[in-house]
There are 2 protein chains.
Amino acid sequence: MPTPHYGQPRYRAIADKLREQIESGAIPPGALLPAESLLTADFRAARGTIRKAIAVLREEGFATTEHGRGTYASPQTKNPPNETDARQRVMPADARLAALFRVEVGTTLIEQEKVIRQGEQVKAVVRTYHVDDTGQ
Amino acid sequence: MPTPHYGQPRYRAIADKLREQIESGAIPPGALLPAESLLTADFRAARGTIRKAIAVLREEGFATTEHGRGTYASPQTKNPPNETDARQRVMPADARLAALFRVEVGTTLIEQEKVIRQGEQVKAVVRTYHVDDTGQ
DNA sequence: AGAAATTTGTCCGTATGTATC
DNA sequence: AGATACATACGGACAAATTTC
C-alpha cells in the first residue's frame, strides 16, 4: 500500500509515538533510540519515513543524532515550542529599497526573514527582499 | 502555498540561487552543497524540484554529484563575478530585532546589506543583522 | 592493528495523490 | 488537458563514522 496520507502523515504519527516514549521515560534521557533499521521493522515504514520522524524530534529538541553512533534521547525539554524560525510578509518599499529595485515608493515587496540560531542564541537575522511577481 | 510558477519554473529559480552561491564563492569549489533534504527545507521545495535544479547545475558544469556522497561545487567559473554591492552600517535594534536577539531596544546592531543583481535588474536585497561583538 | 558489523548520511529512481496555472 | 509543483512514501545502493571482534 504505497502512500495515502489521510489526516496525519505517517512520519508524524511515528514521531508522536517516539516522543511519547521519551517523555514517559520509556527511553531515558541520554539513552539511544533503536536504530533506524529496527524502527523500520517496528513501524513497518521505509527508512526515509523513519528518518523524517526522527528529524521532527530533533527539531523539537527531543533527540540528537550522531553519525555512526545513533540517536540519543535528549534530557529535559522545557523548550518553548517553536519561536518562529522563518516568516514571510509583504511590506511597502521604503525609499532605499524602492531606489534599489527601481520601483515606486510604496510598491509591495516580499520580505523573508530567517533567524539563525546556534543553540539557544540567535546568531543572526537575515532579511531578503524581492519584488512581488505574483500579480503578473 | 502551493505552486505558482510565474515566469520561470521553480527549479530554475532554485538553480539560479545555487549557481550564484557557487559563483560567488559562498560555496567554495570542491565543497559539498547542502544535502537534498536540507535544500528542500531551505527552499521549501519538494525533493523532485530540488533534484531538477541540481540537474541543471550538473548540465551546466557547476556541480558534480556522487552517489551516497553528495553534490560538489565545481571549480571553474570564469564568469564575471556576480555584480553585488555590499555595505555595512550600525543601527539601533527595533522592537522585533531586540526581541529576537534578546537585547534591549536601541542596542546597536550591525546591518550588512547585499544587493544581488542579474544584469541590470536587482533580483534581491539581503540584509543580515547581528549583534556587535567587537567589544567582547 | 585490522577487518567486519553497525549505524547514520546521502543520493537514486519511482510512485501516488493533490493543487494550481 | 498538460506542465509544474507540492507532500508523502517506498525500496535500494553507496559513503562515512563508530563500535565490536
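Reminder, nothing fancy here: chain letters follow the sequence lines and each chain counts from 1. Computed from a prediction, not measured in an experiment: that's the story for all the values here.
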S.K.: Kindly state which residues belonging to residues 45-53 of chain B come within less than 4.0 angstrom of DNA chain C, counting heavy atoms of the residue only, listed by number.
M.R.: B:Arg47, B:Arg51
S.K.: We want to know whether B:Arg58 and B:Thr65 form a side-chain donor-acceptor pair, criterion being a heavy-atom distance below 3.5 angstrom.
M.R.: yes
S.K.: Can you check the A:Glu36 CD to D:dG11 P distance for me, whole Å?
M.R.: 15 Å
S.K.: What are the two closest non-hydrogen atoms of A:Ala73 and A:Pro28, and how far apart are they?
M.R.: CB-O, 3.6 Å
S.K.: Taking side-chain hydrogen bond (donor to acceptor under 3.5 Å, both in side chains) as the cut-off, I'd like each qualifying pair that reaches into residues 27-42 of chain A, sequence neighbours left out, listed once.
M.R.: A:Glu36-A:Arg47, A:Glu36-A:Arg51
S.K.: Quick check for you: among C:dT8, C:dC11, D:dT8, whose closest atom lies nearest to any side-chain atom of A:Thr71?
M.R.: C:dT8
S.K.: Taking for each residue the nucleotide of DNA chain D with the nearest heavy atom, is it A:Tyr72 or B:Glu66 whose nucleotide lies nearer the 5' end?
M.R.: B:Glu66
S.K.: Kindly indicate whether a cation-pi arrangement holds for A:Arg10 with A:Phe43, taking the cut-offs as under 6.0 Å to the six-membered ring centre and within 45° of the axis.
M.R.: no
S.K.: Could you check how far CG of B:Leu39 sits from C1' of C:dT10, rounded to whole Å?
M.R.: 12 Å
S.K.: Between B:Arg69 and C:dG9, is there a contact of a side-chain N or O with OP1 or OP2 at under 4.0 Å?
M.R.: no
S.K.: For D:dA9, take OP1 and OP2 only and decide whether either is under 4.0 Å from a side-chain N or O of A:Tyr11.
M.R.: no
S.K.: Rounding to an integer number of Å, can you tell me how far B:Leu57 CG sits from C:dC11 P?
M.R.: 13 Å
S.K.: Round to the nearest Å and state the distance from B:Leu33 atom CG to C:dG9 atom C1'.
M.R.: 16 Å
S.K.: Got a second to check how far B:Asp94's CG is from B:Leu100's CG, nearest 0.5 Å?
M.R.: 9.0 Å
S.K.: Does a distance-only test, which skips hydrogens and angles, find a donor-acceptor pair under 3.5 Å between the side chain of B:His67 and the base of C:dC11?
M.R.: yes
S.K.: Would the distance check show the side chain of B:Thr49 and the main-chain N or O of B:Ala45 forming a donor-acceptor pair, the cut-off being under 3.5 Å?
M.R.: no
S.K.: CZ of B:Phe43 versus P of D:dA7: gap in Å, rounded?
M.R.: 14 Å
S.K.: Measure from CZ on B:Arg44 to P on D:dT8 and round the result to the nearest Å.
M.R.: 14 Å
S.K.: CG of B:Leu97 to CG of B:Leu109: how many Å apart, nearest 0.5 Å?
M.R.: 6.0 Å
